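Keep in mind the model is a prediction, meaning the values are calculated, not measured. Counting convention: from 1, in listed order, for ligands and their atoms alike.
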Amino acid sequence: MVIDTPGMRELGMWSAEDGIDHTFLDIEELTRKCRFSDCSHENETGCAVRQAVKDGLIAEERYRAYMKLKAENAYNKNAVDYLAAKKRKFKQIAKLNKHNYKQ
Ligand SMILES: [Zn+2]
């Protein structure tokens, strides 16, 4: 039985981000050769990663694993940003409440 522990999964995501460069170093290298710096490596023209997959230099499975990892880390970053923004908002509200109380 698999017990889903969100905390542990988050920890896994953190280390996953550090691991991208090491595990997919060759793909990371290729991303620098893409025509566009903000290339998503999906359907863009001039994408070096897609081209390498097409040429058989990178296995389709590795490309998919890389994209999945990227997506998960992007999601994680958004979640962290969201939580940080929420924290700031709460602080602002707390400050406002304090201010109003004094008056
Ligand atoms: Zn690309």
**Request:** Please name the residue in the list L57, I58, L69 that meets the side-chain contact (heavy atoms from CB on, under 4.5 Å) test with I27.
**Result:**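 The option that passes is I58.
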**Asked** Does E28 pair with K70 as a salt bridge, N-O distance under 4.0 Å?
**Response**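 Between K70 and E28 there is a salt bridge, with a charged N closer than 4.0 Å to a carboxylate O.
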**Message:** Minimum heavy-atom separation for D26 and R62, please, with both atom names.
**Reply:**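 Residues D26 and R62, closest heavy atoms: OD2-NH1, 2.9 Å.
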**Request:** Work out which heavy atom in C34 is nearest to a heavy atom in A48; give both atom names and the distance.
**Result:**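 Residues C34 and A48, closest heavy atoms: SG-N, 3.5 Å.
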**Message:** Considering the Zn ion (ligand 1), could you give the total of protein N/O/S atoms lying closer than 2.8 Å?
**Reply:**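 For the Zn ion (ligand 1), the figure is 4.
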**Request:** Look at the aromatic rings of H41 and Y66 and report parallel, tilted or perpendicular, splitting at 30° and 60°.
**Result:**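 Judged by the thresholds at 30° and 60°, the geometry between H41 and Y66 is tilted.
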**Contact list for residues 30-46, test salt bridge (Lys or Arg N to Asp or Glu O under 4.0 Å), sequence neighbours left out** =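 Listed by first then second residue: E29-R32.
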